There are 2 protein chains.
Amino acid sequence: MPDRRSADDHDHATCIEDALAEAETICAERGARLTELRRRVLELVWTSHEPVGAYDILSRLGGDGRRAAPPTVYRALEFLLEQGLVHRIESLNAFIGCASPKAPHSGQFLLCTACGTATEIADAGIQAALVKAAGLAGFRPGHVTIEVKGLCRRCAGGAAAEPHAHAH
Amino acid sequence: MPDRRSADDHDHATCIEDALAEAETICAERGARLTELRRRVLELVWTSHEPVGAYDILSRLGGDGRRAAPPTVYRALEFLLEQGLVHRIESLNAFIGCASPKAPHSGQFLLCTACGTATEIADAGIQAALVKAAGLAGFRPGHVTIEVKGLCRRCAGGAAAEPHAHAH
DNA sequence: GGCTGATACGCTACAATATAGCGATCGAGG
DNA sequence: CCTCGATCGCTATATTGTAGCGTATCAGCC
Ligand SMILES: [Zn+2]
Ligand SMILES: [Zn+2]
Ligand SMILES: [Zn+2]
Ligand SMILES: [Zn+2]
């Protein structure tokens, strides 16, 4: 199966389909209501592998004939966050689909400043180091935010600072 | 010398004095202009060990007879960020004084959700794990955001969920 | 001292992000 | 059908952050 975490060229339609199907399954198992609106918002978040702002979602929602206002989008996003289907990127005030939503978790993100792609990783070493450091300070950790800005493999390799073309 | 990173009871006036004195030294060495306004904003950021919002700073600035507007504060904060004298807490849209500004760095923060205190740590293990994980993904890291929400030693110990009294 | 260019600042207006609150609607269960 | 709670549409407002422009201030130089 294709790796949904990759920013390389791939059949992104499959990413979206898989994410929506998995969301349906997860919500069904939990008895959570993945309504048409929430499903549509999740689909819009999955439009690309770049974090998307709430107001971007809002404007795209309006395009389908339905009316929409900020609370509509924020409430849907709140639900998706609670269910672990999306993550919030704090340093960008934006949202991105979770690559592995079955077990809710705090995400670790690599954010390319050239092409805008966000890559979610789940590195046990980082998590372990963080828990250890927190323990030394007598701190009981809850939600963890890890966001690294830099250049992805594609944008760092070859022509150093030149972003590659991609769909927005 | 007192540990400016600690949230325990301490002579906080010393924290502020030390931070301002160190800022003066650093800016002098670099030929950067720590103007009266920037110094005042830095002092306000150091008012406590809780991250402070730009508009909080703004309202406190207005109290001293001078006029102030958002750009005034944001420009001062931009300077202080460039000089590494303050950090921005992304998950709170707020700012906090840097505990060790001599060598600019990306901060690692423990944010207590009960008492609001932010503790800056500089754990080499976390940094190493992060660089390693980024390398595996072919990612060239730049600025790193690490923010852990949870309960500090004080708020976690004893009465588990009961925040201790503190000045705001 | 006085000139000059660059930096810093005051100020108005505005943009972008997020929430409060209220009534209408929908949907599961009795 | 009826009821209750969850969801949604909608208006208004709160919070956070920038653009742009003219003035003031400062360092370096004549
Ligand atoms: Zn994809
Ligand atoms: Zn890239
Ligand atoms: Zn202190
Ligand atoms: Zn605490």
Side-chain angles (χ1 to χ4, degrees), chain A residues 23-24 27-28 30-45 50-83 85-96 116 145 147, chain B residues 23-24 27-45 50-83 85-96 116 145 147 168:
Chain A
E24 296 276 11
C27 287
R30 295 178 187 166
R33 293 171 56 189
L34 184 62
T35 63
E36 181 53 33
L37 173 66
R38 291 165 174 173
R39 195 186 138 90
R40 178 101 178 91
V41 169
L42 180 59
E43 185 180 1
L44 289 171
V45 168
E50 299 181 32
V52 56
Y55 280 73
D56 285 344
I57 296 171
L58 182 56
S59 64
R60 295 186 208 174
L61 262 186
D64 69 352
R66 291 193 162 201
R67 296 149 294 180
T72 300
V73 170
Y74 280 101
R75 282 187 299 227
L77 286 170
E78 183 182 20
F79 170 85
L80 296 173
L81 284 169
E82 284 169 357
Q83 297 301 322
L85 297 170
V86 304
H87 293 287
R88 176 179 168 85
I89 307 297
E90 300 289 353
S91 63
L92 298 176
N93 291 337
F95 303 83
I96 192 164
T145 300
E147 297 170 11
Chain B
E24 296 276 10
C27 287
E29 284 173 356
R30 295 177 189 166
R33 294 169 57 187
L34 184 61
T35 63
E36 181 52 34
L37 172 66
R38 291 165 174 172
R39 194 185 137 92
R40 179 101 177 91
V41 169
L42 180 58
E43 185 181 1
L44 289 172
V45 167
E50 299 180 32
V52 57
Y55 280 73
D56 285 344
I57 296 171
L58 183 56
S59 63
R60 295 186 208 175
L61 262 186
D64 67 353
R66 291 193 161 201
R67 296 149 295 182
T72 300
V73 170
Y74 279 101
R75 281 187 298 226
L77 287 171
E78 182 182 21
F79 170 85
L80 296 172
L81 284 169
E82 284 170 356
Q83 297 301 323
L85 297 170
V86 303
H87 292 287
R88 176 181 168 83
I89 307 297
E90 300 290 353
S91 62
L92 298 176
N93 292 336
F95 302 84
I96 192 164
T145 300
E147 297 169 12
H168 269 286

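Quick caveat, the model's predicted, so the values are computed rather than measured.
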> How about Leu44(B) and Val52(B): do any of their side-chain heavy atoms sit closer than 4.5 Å?
Replying inline: no
>> So Val73(A) and Tyr55(A), do their side chains get closer than 4.5 Å, heavy atoms only?
In response: no
Report the distance from atom [atom1] of [X] to atom [atom2] of [N], rounded to the nearest whole Å.
{"X": "Phe79(B)", "N": "dC26(D)", "atom1": "CZ", "atom2": "C1'", "value": "14 Å"}
{"X": "Arg40(A)", "N": "dG9(D)", "atom1": "CZ", "atom2": "P", "value": "13 Å"}
{"X": "Leu61(A)", "N": "dC10(D)", "atom1": "CG", "atom2": "C1'", "value": "15 Å"}
{"X": "Glu78(B)", "N": "dC9(C)", "atom1": "CD", "atom2": "C1'", "value": "13 Å"}
{"X": "Glu90(A)", "N": "dT16(D)", "atom1": "CD", "atom2": "P", "value": "14 Å"}
{"X": "Leu58(A)", "N": "dT19(C)", "atom1": "CG", "atom2": "P", "value": "14 Å"}
{"X": "Ile57(B)", "N": "dG17(D)", "atom1": "CD1", "atom2": "P", "value": "10 Å"}
{"X": "Tyr74(A)", "N": "dC8(D)", "atom1": "OH", "atom2": "P", "value": "17 Å"}

If the cut-off is 4.0 Å, is [X] near the phosphate of [N], judged by side-chain N/O to OP1 or OP2?
{"X": "Arg38(A)", "N": "dC8(D)", "result": "yes"}
{"X": "Asn93(A)", "N": "dA18(C)", "result": "yes"}
{"X": "Thr72(A)", "N": "dG9(D)", "result": "yes"}

[X] side chain: which of [options] is closest?
{"X": "Tyr55(A)", "options": "dC10(D), dT16(D), dT17(C)", "result": "dT17(C)"}
{"X": "Arg75(A)", "options": "dG17(D), dG9(D), dT7(D)", "result": "dG9(D)"}
{"X": "Arg88(B)", "options": "dG17(D), dC8(D), dA18(C)", "result": "dG17(D)"}
{"X": "Thr35(A)", "options": "dA8(C), dG17(D), dT7(D)", "result": "dT7(D)"}

> Closer to the 5' end of DNA chain C via nearest nucleotide, is it Pro70(B) or Arg33(B)?
Replying inline: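 It is Arg33(B), whose closest nucleotide lies nearer the 5' terminus.
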> Under 3.5 Å, is there a donor-acceptor pair between the side chain of Arg88(A) and the main chain of Leu81(A)?
Replying inline: no
>> Here's a test of your reading of the structure: between Pro71(B) and Leu92(B), which maps to the more 5' nucleotide of DNA chain D?
In response: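 With Pro71(B) and Leu92(B) compared, the 5'-side residue is Leu92(B).
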> Taking Val41(B) as the fixed residue, which of Leu77(B), Thr72(B), Val86(B) is the one that meets the side-chain contact (heavy atoms from CB on, under 4.5 Å) rule?
Replying inline: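 The side-chain contact (heavy atoms from CB on, under 4.5 Å) with Val41(B) is passed solely by Leu77(B) among Leu77(B), Thr72(B), Val86(B).
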> Would Thr145(A) and Glu90(A) count as having a side-chain donor-acceptor pair, cut-off 3.5 Å?
Replying inline: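 Glu90(A) and Thr145(A) do not have a side-chain donor-acceptor pair below 3.5 Å.
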